[in-house]
Amino acid sequence: MRTPMISIQKAQICAAGISLSLISFANASLLATATPALIRSACNQTLKALANDTAALESPAMLKRPSAARYAAMNDLAKKLGNLDGEVSIIGGVHPDKAVRDAAEACSVRIAADQTARQQRPKLYALIKSIAPATPVETKLKQDWIDAFEDTGVQLPAAQKKRFQAVANALTKYSIEFDRNIREFKGTMRFTEAELKGLPESVRSGLKRDPDGQLVIGFSYPEYDPVMTLVEDENVRQRFSLAYAARGGQRNIDVLKATLPLRQEMAALIGQPNFSALTVRRRMAGSPQAVEKFLGNVYAALKEPLLSEIEAIRAEKSAHLGKPLDQVKANRWDYAFYQERIRKSRFAIDQEALRAYFPTEASMQWMLDVSSELYGIRFQEVKEKLWHPEARTLIVSDAASNEKLGTIHLDLFPRDGKYNHAAVFPIYMSSALAKQLPRVALVTNFNRKGLDANELETLVHEFGHALHGSLSRTQFVEHGGTTVERDFVEAPSQMFEEWARRPESLQRFAKACAQCPALGGDMISRLNQARQYGQAMRYARQYQYAKYDLDLNTKVDADPMTIWRAAEASMPWGDTGNLFPSQFGHLMGYASAYYGYMWSEVVALDMLSAYGKNLMDAGVGKRYRDLILARGSERPAAQMVRDFLGRDPNTDAFFKEITGQRTQ
């Protein structure tokens with residue numbers, strides 16, 4: 001996720017459909033009309049206007065104006081920069097034309113460079129320091145500005161400022177290239193019919209064939225997951241998993257290798273011992289040492305159940321292959337396959353069969369219905385030209401007042417050159433002062449026919465981000481939506497995942513798709529038991545990724561593959577020789593922050609306690625909307641959570657979750 005302005009962080013088939021009224025809606029932004037020339041023109045014009053705005057802010061006349069006027073002028077600058085940044089970010093990630101994506105990426109580089117230079121201007125820094133806040137929100141924004149300027153080296157001597165700019169610009173370019181190399185990877189693999197035994201016909205029928213009649217399969221989620229969970233041939237799973245892990249190629253390893261010393265140099269320029277220390281001090285955790293302690297506690301809790309899960313996989317593999325247990329090793333590419341077999345036998349849950357229960361379009365409608373009831377909002381689908389014919393627009397309004405609150409775009413299905421995970425892109429941030437409503441884009445790569453339980457959870461998770469952005473009601477642009485601390489930003493969406501698990505929300509699915517198989521209480525119970533099986537392995541991987549990310553940005557002279565090989569060897573599954581870091585995009589956007597997924601989940605699972613046994617309690621939903629979703633980063637995350645819970649959060653629910661001891 002990216003946050004804008006003064007602190008840029010470079011970062012399915014049911015006949016029902018989405019039953020929303022359609023109205024016309026005109027938008028002349030780059031979202032609808034992007035061409036390379038238009039992007040370059042918008043970039044040039046906006047950056048020129050920002051230079052003029054900056055000069056006006058630094059003029060003697062501005063120092064004589066009231067603080068309220070200075071806040072407004074700074075907010076207007078942030079709005080202009082943020083809107084351009086938001087538009088080129090989504091266009092660079094999803095536009096079908098590579099030339100357009102390339103132009104958007106080039107503009108992103110210029111935006112980041114422009115912002116770095118602006119945050120090093122002593123006169124602008126002095127203006128900020130001289131402002132007299134009139135409210136707690138203004139006080140926090142002033143401190144946010146000061147932190148951002150000081151973290152960009154505003155107080156450095158001229159030569160060091162220049163070097164900081166060069167380092168920051170290089171890091172932006174490397175980050176964009178790293179993501180592009182993953183997004184634009186077009187590799188495929190070819191297998192015979194026999195090799196793909198176990199792959200369901202719903203997947204097989206959609207595959208192309210080469211001249212020799214072999215099936216051609218790519219690496220999008222709708223193809224990758226069925227291969228790893230259902231194909232019988234271990235050799236196929238091994239080859240496919242290693243190829244998937246290498247999608248960024250050696251070039252991305254080289255990019256990562258070039259990035260790490262630049263991050264350490266940036267930290268040294270600011271007087272910090274390493275990049276993790278530089279960044280984590282501005283988050284909930286406060287220090288890398290606190291993160292290390294948290295991760296250590298996580299792995300200590302997981303170690304015993306993890307070994308038990310691996311032994312269960314060995315036993316299942318032994319029975320499946322008819323080999324003695326002492327002749328069987330559970331390899332990493334076996335885990336998803338045998339865990340799926342165990343889930344089927346223990347809980348009678350077949351993930352592929354679930355697609356009939358959760359058609360993709362009906363799942364989206366169900367998600368909107370649940371959100372409407374819980375948060376007192378309404379969605380209207382509107383006709384709007386966007387970057388691709390399949391991209392759609394939802395207008396979000398308050399159900400009681402009919403007041404428009406924001407806009408959500410949907411881009412749900414895979415295609416070449418598109419961002420290939422699931423994410424929400426902030427486009428415009430809310431600002432009451434600037435009279436701007438928020439606009440976000442939900443980007444996924446779902447199977448068109450239906451979702452399994454994991455994908456339904458992904459939909460709910462990402463829609464949680466979309467709600468966090470679109471229900472934001474902040475005074476200033478830079479406090480909008482998901483601009484919260486990086487180790488809190490996942491909490492609202494992680495908490496929302498629960499709505500994909502509990503009867504009170506899931507049983508509303510019949511409204512979205514009356515002809516879909518019924519979701520009875522017994523099945524929902526078995527779905528949750530199946531989900532909780534394998535938790536130790538899931539969180540052990542999260543621990544490994546978080547520890548690896550932290551080590552990369554803490555250790556001096558870190559070599560990415562040396563540290564990865566050691567990280568793999570330290571885990572029970574051992575080193576598989578994969579090139580995983582080459583396609584781990586979070587190493588760029590979440591640098592030294594991947595731990596934040598689990599840190600956020602501590603808060604997310606604790607916040608659920610406010611709903612008790614009724615997730616659809618609209619009274620609690622309204623309070624949550626007002627105290628968390630609407631506030632963006634106007635208050636520190638810890639304070640907002642205390643306000644919502646009425647107490648400090650604790651880790652009890654999290655540790656029960658990760659060790660499979662959760663009772664609800």
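All residue numbers refer to positions in the sequence shown, counting from 1.
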Visitor: Under 4.0 Å between a Lys/Arg side-chain N and an Asp/Glu carboxylate O for Arg448 and Glu390?
Guide: yes

Visitor: Which atoms form the tightest heavy-atom contact between Gly450 and Glu455, and what is the distance?
Guide: O-OE1, 3.9 Å

Visitor: Would a distance-only check, ignoring hydrogens and angles, find a side-chain to backbone donor-acceptor pair under 3.5 Å from Asp210 to Gln214?
Guide: yes

Visitor: I'd like to know if Arg118 and Asp114 make a salt bridge, using a cut-off of under 4.0 Å between side-chain N and carboxylate O.
Guide: yes

Visitor: Are Tyr545 and Phe584 an aromatic pair, judged by ring center distance below 6.0 Å?
Guide: yes

Visitor: So does Lys186 have more than 12 non-hydrogen atoms from other groups sitting under 6.0 Å from NZ?
Guide: yes

Visitor: If we ignore hydrogens and angles and just use 3.5 Å, is the side chain of Arg263 paired with the main-chain N or O of Phe275 as donor and acceptor?
Guide: no

Visitor: Determine whether Ser397 and Ile377 make a side-chain contact, defined as any pair of heavy atoms from C-beta on separated by less than 4.5 Å.
Guide: no

Visitor: Any Lys/Arg nitrogen of Glu223 or Lys208 sitting under 4.0 Å from an Asp/Glu carboxylate oxygen of the other?
Guide: no

Visitor: Does the side chain of Arg247 come under 3.5 Å of the side chain of Gln583 through a donor N or O and an acceptor N or O?
Guide: yes

Visitor: Okay, side chain of Asp416, backbone of Pro96: is any donor-acceptor separation there less than 3.5 Å?
Guide: no

Visitor: Please enumerate all residues that pass ring-ring contact (aromatic ring centres under 6.0 Å, His included) together with Trp499, with sequence neighbours excluded.
Guide: Phe496, Tyr611

Visitor: Are Arg473 and Glu634 ion-paired here, with the side-chain N under 4.0 Å from a carboxylate O?
Guide: no

Visitor: Does the side chain of Leu467 reach to within under 4.5 Å of the side chain of Val396, using non-hydrogen atoms?
Guide: no

Visitor: Can you tell me if Glu497 and His461 form a side-chain donor-acceptor pair at under 3.5 Å?
Guide: yes

Visitor: Does the ring centre of Phe476 sit less than 6.0 Å away from the ring centre of Trp145?
Guide: no

Visitor: Do Asn75 and Glu478 get their side chains close enough for a donor-acceptor pair, meaning under 3.5 Å?
Guide: no

Visitor: Decide, yes or no, whether a salt bridge links Glu87 with Arg439 under the criterion of side-chain N to carboxylate O below 4.0 Å.
Guide: no

Visitor: Could you check whether any side-chain N or O of Asn44 sits under 3.5 Å from a backbone N or O of Arg40, counting only pairs where one atom can act as donor and the other as acceptor?
Guide: yes

Visitor: Would you call the rings of Phe219 and Phe185 parallel, tilted or perpendicular, taking 30° and 60° as the class edges?
Guide: tilted

Visitor: Any luck finding a side-chain donor-acceptor pair between Gln165 and Asn169 under 3.5 Å?
Guide: no

Visitor: Students often mix this up, so state it plainly: with edges at 30° and 60°, are the rings of Trp387 and His409 parallel, tilted or perpendicular?
Guide: perpendicular

Visitor: Say whether Tyr71 and Gln475, considering side chains only, have a donor N or O and an acceptor N or O under 3.5 Å apart.
Guide: no

Visitor: Quick check: does any side chain N or O of Glu381 sit under 3.5 Å from a backbone N or O of Arg392, one acting as donor and the other as acceptor?
Guide: no

Visitor: Under 4.0 Å between a side-chain nitrogen and a carboxylate oxygen: does that hold for Arg180 and Glu177?
Guide: no

Visitor: Under the ring-ring contact (aromatic ring centres under 6.0 Å, His included) rule, collect the residues that match up with Trp564, sequence neighbours excluded.
Guide: Tyr548, Phe580

Visitor: Quick one: does NZ or CZ of Arg283 land under 6.0 Å from the six-membered ring centre of Phe488, within 45 degrees of the ring axis?
Guide: no

Visitor: Give a yes-or-no answer on whether the side chains of His465 and Ser493 include a donor-acceptor pair shorter than 3.5 Å.
Guide: yes

Visitor: Distance-only, no hydrogens or angles: does the Lys80 side chain make a donor-acceptor pair with backbone N or O of Leu50 under 3.5 Å?
Guide: no

Visitor: Under the criterion side chain to side chain donor-acceptor pair (under 3.5 Å), I'd like the reasoning laid out for Glu490 against Ser600: C-alpha separation, chi angles, the key distance, then a yes or no.
Guide: CA-CA 6 Å; Glu490 299 295 334; Ser600 294; over 6 Å; no

Visitor: Does the side chain of Thr152 pick up a donor-acceptor pair with the side chain of Thr116 at under 3.5 Å?
Guide: no

Visitor: Can you find a side-chain donor-acceptor pair between Tyr590 and Asp549 that sits under 3.5 Å?
Guide: no

Visitor: Measuring from Asn252:CG to Ser582:OG, what's the distance to the nearest 0.5 Å?
Guide: 6.0 Å

Visitor: Taking the basic N atoms (NZ, or NE/NH1/NH2) and the acidic carboxylate oxygens, is any pair closer than 4.0 Å for Asp411 and Lys418?
Guide: yes

Visitor: Counting distance only, does the side-chain N/O of Ser371 pair as donor-acceptor with the main-chain N or O of Leu368 below 3.5 Å?
Guide: no

Visitor: Is the shortest side-chain N to carboxylate O distance from Asp102 to Lys98 below 4.0 Å?
Guide: yes

Visitor: Measure the SG-CG distance between Cys107 and Leu84 for me, rounded to the nearest 0.5 Å.
Guide: 4.0 Å

Visitor: Can you name the nearest heavy-atom pair linking Ala245 to Asn578, along with the distance?
Guide: CB-CB, 4.0 Å

Visitor: How many angstroms lie between atom CD1 of Ile176 and atom NZ of Lys173, to the nearest 0.5 angstrom?
Guide: 9.5 Å

Visitor: Can we say Arg163 and Glu265 salt-bridge, meaning some charged N sits less than 4.0 Å from an Asp/Glu carboxylate O?
Guide: yes

Visitor: Taking NZ, NE, NH1 and NH2 as the nitrogens, is one of them in Asp398 or Arg625 under 4.0 Å from a carboxylate oxygen of the other?
Guide: yes

Visitor: NE2 of His388 to CG of Leu386: how many Å apart, nearest 0.5 Å?
Guide: 11.0 Å

Visitor: Residues two or more places apart in sequence or in another chain: which of them pass ring-ring contact (aromatic ring centres under 6.0 Å, His included) with Tyr174?
Guide: none

Visitor: Between the main-chain N or O of Gly218 and the side-chain N or O of Thr188, is there a donor-acceptor pair closer than 3.5 Å?
Guide: no

Visitor: Hey, does the side chain of Ser363 reach the backbone of Pro359 with a donor-acceptor pair shorter than 3.5 angstrom?
Guide: yes

Visitor: When you check the gap from the basic side-chain N to the acidic O, do Arg282 and Asp151 get nearer than 4.0 Å?
Guide: yes

